[in-house]
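Sharing a structure below in structure tokens format, with a few things to ask.
Scope of the values below: all heavy atoms of this structure, side chains included, with no hydrogens, waters or symmetry mates.
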Amino acid sequence: MFQKRFRLHLLPLSEKYYQFPLLGNAVTLSDGVQQPSDATIAKLVLESDPLTLSEALCMPTIQWAPELVNRVLKRLWNHGPKALQFFKHLDRHPSYIHCSSSFDHAVDIAARMHDYNAAWALVGRMRSLRRGPTHRTFAILGERYAANGKPHRTVRTFLSMHEHGCRQDLNSFNTVLDVLCKSKRVEMAHTLLKTFRSRFRLDSVSYNIIANGYCLIKRTPMALQVLKEMVQRGINPTMITYNTLLKGYFRSSQIKEAWEFYLEMKKRKCEIDVVTYTTVIHGFGVAGEVKKSRRVFDEMVKEGVAPSVATCNALIQVLCKKDSVESAVVVFEEMVRKGLCVPNLVTYNVVIRGFCHVGDMERALGFMGRMGEHGLRASVQTYNVVIRYFCDAGEIEKGLEMFGKMKDEPCLPNLDTYNVVISAMFLRKKSEDLVVAGKLLMEMVDRGFLPRKFTFNRVLNGLAITGNQDFAKEILRKQGRCGRVVRRLKL
DNA sequence: CTAGGGTTAG
């Protein structure tokens with residue numbers, strides 16, 4: 001049925017482009033053929049069911065390339081089942097072969113849905129195609145295990161790497177340490193480090209990771225202990241070590257210690273960098289010392305250190321929270337005007353949240369509309385903020401309207417979005433709202449999200465007491481069939 | 001995807 005043809009050699013060899021052949025007539029690729037964008041393809045995948053998918057994707061003008069596939073997968077990130085359907089469909093393509101980064105995305109998506117069997121099957125497939133698995137693949141698996149509360153499996157996965165044709169080295173070891181620390185399992189990471197000290201030549205990265213881990217759980221004394229430990233072993237602390245500790249002080253609200261540490265850094269003539277300044281600006285601001293934040297910002301400019309977007313975002317956020325949105329917007333406009341830095345998604349989300357917080361939804365939406373000026377589009381987070389504040393203000397209809405708008409992008413709702421919208425369906429005490437909540441609940445499960453037991457029970461109870469028992473039963477029945485995801489809820 | 005700085009509610 002499929003014929004292998006149209007392999008294009010016009011492009012760099014590293015980027016292999018293929019074309020999906022048209023059934024029947026041969027098609028010559030002429031210049032100016034409309035190549036569907038990743039958004040178009042994502043929509044196609046979302047609109048077609050598994051049976052019509054292959055037909056829908058069999059368009060002659062699609063030239064598959066790793067970058068395109070990855071962008072589509074990213075678009076479908078919040079619809080795991082569809083994303084994997086798409087990936088598997090393309091995996092059966094007669095000539096296109098997924099590259100390792102696409103496999104990594106697929107592994108990530110499967111593992112995020114707690115479907116480890118599927119994830120490992122993909123690892124196997126990768127290996128048989130000689131496309132991996134790579135160190136990155138194992139980093140992803142380890143991260144998912146840790147994030148899903150299975151840190152022991154993170155370690156086991158690391159220890160089994162070599163059985164899948166991937167050697168353990170210091171980098172992959174450091175990654176495991178980091179993944180454990182980021183999921184608050186510092187003790188475990190520290191023990192692991194001590195166990196493998198002789199097997200790998202640990203470097204400053206290893207120790208920085210552990211120190212940061214202790215800072216994340218606000219145990220700065222232990223972080224200092226790690227610093228001592230590394231010095232004893234003859235490894236020099238770096239700028240990153242100091243910045244990590246500085247941040248640690250702020251995180252555990254040790255403002256005085258943070259300030260002293262900062263002064264000490266300056267006195268020791270170690271080059272204070274942009275990260276140091278950003279940390280201090282943010283730290284003081286969060287502690288309510290906005291004036292000091294501003295002063296440090298000016299000082300940094302005076303010292304000739306260029307602020308980054310992160311620095312600007314830190315100051316803008318601090319002004320929003322502890323001063324006023326107005327002053328934050330002044331800074332925002334000034335930065336854009338002076339070209340000090342280019343606003344990114346975070347910048348916009350911060351400002352938009354600031355307006356929402358003072359109830360100025362109109363200007364919040366205005367800024368949302370302005371995002372295009374900087375080549376940006378509203379993200380899920382942007383929508384989540386706006387929807388949340390509309391609902392909090394009792395404007396449920398407008399919240400739902402925004403929720404509906406996401407579909408056009410397409411910007412798929414994530415777990416937070418569903419939680420916000422479903423909670424809002426309880427505010428008006430209307431029976432119709434609960435039916436909507438029920439539908440949303442089914443939709444989120446279909447999309448690979450695992451609602452909290454609390455959400456599930458709340459919706460079912462709500463439906464039961466508003467005379468929608470039949471619908472409640474239907475949900476229960478459907479979900480009962482729906483496989484392992486919901487079985488974990490132990491209804 | 002080898003470490004540090006901006007989005008997450010009070």
Practice task
Describe the nucleic acid contact of A:Asp392 in one word from base, sugar-phosphate, nothing, applying a heavy-atom distance below 4.0 Å.
Solution key: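 It contacts nothing in the nucleic acid.
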Exercise for the section: Give the rounded distance in Å between these two atoms: CG of A:Leu319 and C1' of B:dG6. Expected result: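 Between C1' of B:dG6 and CG of A:Leu319: 13 Å.
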Practice task
Select base, sugar-phosphate, or nothing to describe what A:Ile140 touches, counting heavy atoms under 4.0 Å on all strands.
Solution key: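 Touches a base.
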Practice task
Flag the pair A:Met230 / A:Thr241 as yes when at least one side-chain heavy-atom distance between them is below 4.5 Å, and no otherwise.
Solution key: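 They are in side-chain contact.
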Exercise for the section: Take atom OH of A:Tyr242 and atom C1' of B:dA3, then tell me their distance rounded to the nearest Å. Expected result: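 Value for this atom pair: 15 Å.
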Exercise for the section: Check if the side chain of A:Ser308 and the base of B:dG5 share a donor-acceptor pair of N or O atoms closer than 3.5 Å. Expected result: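 In this structure, the two groups form a donor-acceptor pair.
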Exercise for the section: Identify which nucleotide among B:dA9, B:dT7, B:dG5 has an atom closest to any side-chain atom of A:Val346, counting heavy atoms from C-beta outward. Expected result: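 The closest nucleotide is B:dT7.
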Handout entry: A:Arg268 with A:Glu264: basic N within carboxylate O range, under 4.0 Å
Key = yes
Fill in the blank from the handout: Of the listed B:dA9, B:dA3, B:dT2, the closest approach to the A:Asn208 side chain comes from B:dA3
Fill in the blank from the handout: Taken to the nearest whole Å, CZ/A:Phe138 to C1'/B:dC1 is 14 Å
Exercise for the section: Answer syn or anti for B:dG5, where the cut-off is 90° from 0 on the glycosidic torsion. Expected result: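 Anti conformation here, the glycosidic angle of B:dG5 being more than 90° from 0.
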Problem - Qualifying residue, where the test is ring pair (Phe, Tyr, Trp, His ring centres under 6.0 Å) with A:Phe284 and the options are A:Tyr277, A:Tyr249, A:Phe250 - result: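 Checked A:Tyr277, A:Tyr249, A:Phe250 against A:Phe284; only one passes ring pair (Phe, Tyr, Trp, His ring centres under 6.0 Å): A:Phe250.
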Practice task
Could you check if a side-chain atom of A:Arg125 sits within less than 4.5 angstrom of a side-chain atom of A:Phe103, using non-hydrogen atoms only?
Solution key: yes
Practice task
Would you mind checking if A:Glu67 and A:Lys74 are paired as a salt bridge, meaning a charged N to carboxylate O distance below 4.0 Å?
Solution key: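 Between A:Glu67 and A:Lys74 there is no salt bridge, as every charged N stays at least 4.0 Å from the carboxylate O atoms.
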Exercise for the section: Let me know the distance between CZ of A:Arg167 and P of B:dT2, rounded to the nearest Å. Expected result: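 Taking atom P of B:dT2 as the reference, CZ of A:Arg167 is at 16 Å.
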Exercise for the section: For B:dC1 versus B:dG5, give the span between their P atoms, rounded off to a whole number of Å. Expected result: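 Approximately 14 Å lies between the P atom of B:dC1 and that of B:dG5.
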Exercise for the section: Would you classify A:Thr276 as touching base, sugar-phosphate or nothing, given that sugar-phosphate means primed atoms plus P, OP1 and OP2, and contacts are heavy atoms under 4.0 Å? Expected result: nothing
Practice task
Please tell me which of the listed nucleotides, B:dT8, B:dG5, B:dG6, lies nearest to the side chain of A:Arg353?
Solution key: B:dT8
Handout entry: Below 4.0 Å: OP1/OP2 of B:dG10 and any side-chain N or O of A:His357
Key = yes
Practice task
Please state whether the base of B:dG5 and the side chain of A:Thr278 form at least one donor-acceptor pair under 3.5 Å?
Solution key: yes
Practice task
From the options B:dA3, B:dC1, B:dG6, select the nucleotide whose nearest atom is closest to the side chain of A:Ile240.
Solution key: B:dA3
Exercise for the section: Rounded off to whole Å, could you give me the NE2-to-P distance for the A:His282 and B:dT7 pair? Expected result: 4 Å
Handout entry: Listed nucleotide nearest any side-chain atom of A:Arg136, set B:dC1, B:dG6, B:dA3
Key =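 Nearest to the side-chain atoms of A:Arg136, counting from C-beta on, is B:dC1.
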Practice task
Please work out if A:Ser204 contacts a base, only the sugar-phosphate, or nothing of the nucleic acid, heavy-atom cut-off 4.0 Å.
Solution key: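 Base, at least one base atom sits under 4.0 Å.
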Problem - Length of the line joining A:Gln317:CD and B:dA9:P, which is rounded to integer Å - result: 9 Å
Fill in the blank from the handout: Per atom distances to the A:Arg251 side chain, the nearest of B:dG5, B:dA9, B:dC1 is B:dG5
Exercise for the section: In plain terms, say whether A:Glu187 and A:Arg219 are close enough for a salt bridge, that is, a side-chain N and a carboxylate O under 4.0 Å apart. Expected result: yes
Handout entry: Non-hydrogen side-chain atoms of A:Tyr145 and A:Pro151 separated by less than 4.5 Å
Key =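 With C-beta onward as the side chain, the pair stays apart.
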Exercise for the section: Indicate whether OP1 or OP2 belonging to B:dG6 is found under 4.0 Å from a side-chain N or O atom of A:Lys321. Expected result: no
Exercise for the section: Identify whether any heavy atom of A:Val385 sits under 4.0 Å from a base atom; if not, whether one sits that close to sugar-phosphate; answer base, sugar-phosphate or nothing. Expected result: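 Counting heavy atoms under 4.0 Å across all strands, no contact is made by A:Val385.
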Problem - Rounded distance in Å - CZ (A:Phe173) to P (B:dA3) - result: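 These atoms are roughly 15 Å apart.
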Exercise for the section: Quickly work out the A:Asn171 CG to B:dT2 P distance and round it to whole Å. Expected result: 6 Å
Problem - Given B:dC1, B:dA3, B:dA9, the nucleotide with the shortest approach to the side chain of A:Lys182 - result: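 The listed nucleotide nearest to A:Lys182's side chain is B:dA3.
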Handout entry: Selected nucleotide, minimal atom distance to A:Val205 side chain, candidates B:dG6, B:dC1, B:dT2
Key =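 Nearest to the side chain of A:Val205 among the choices is B:dT2.
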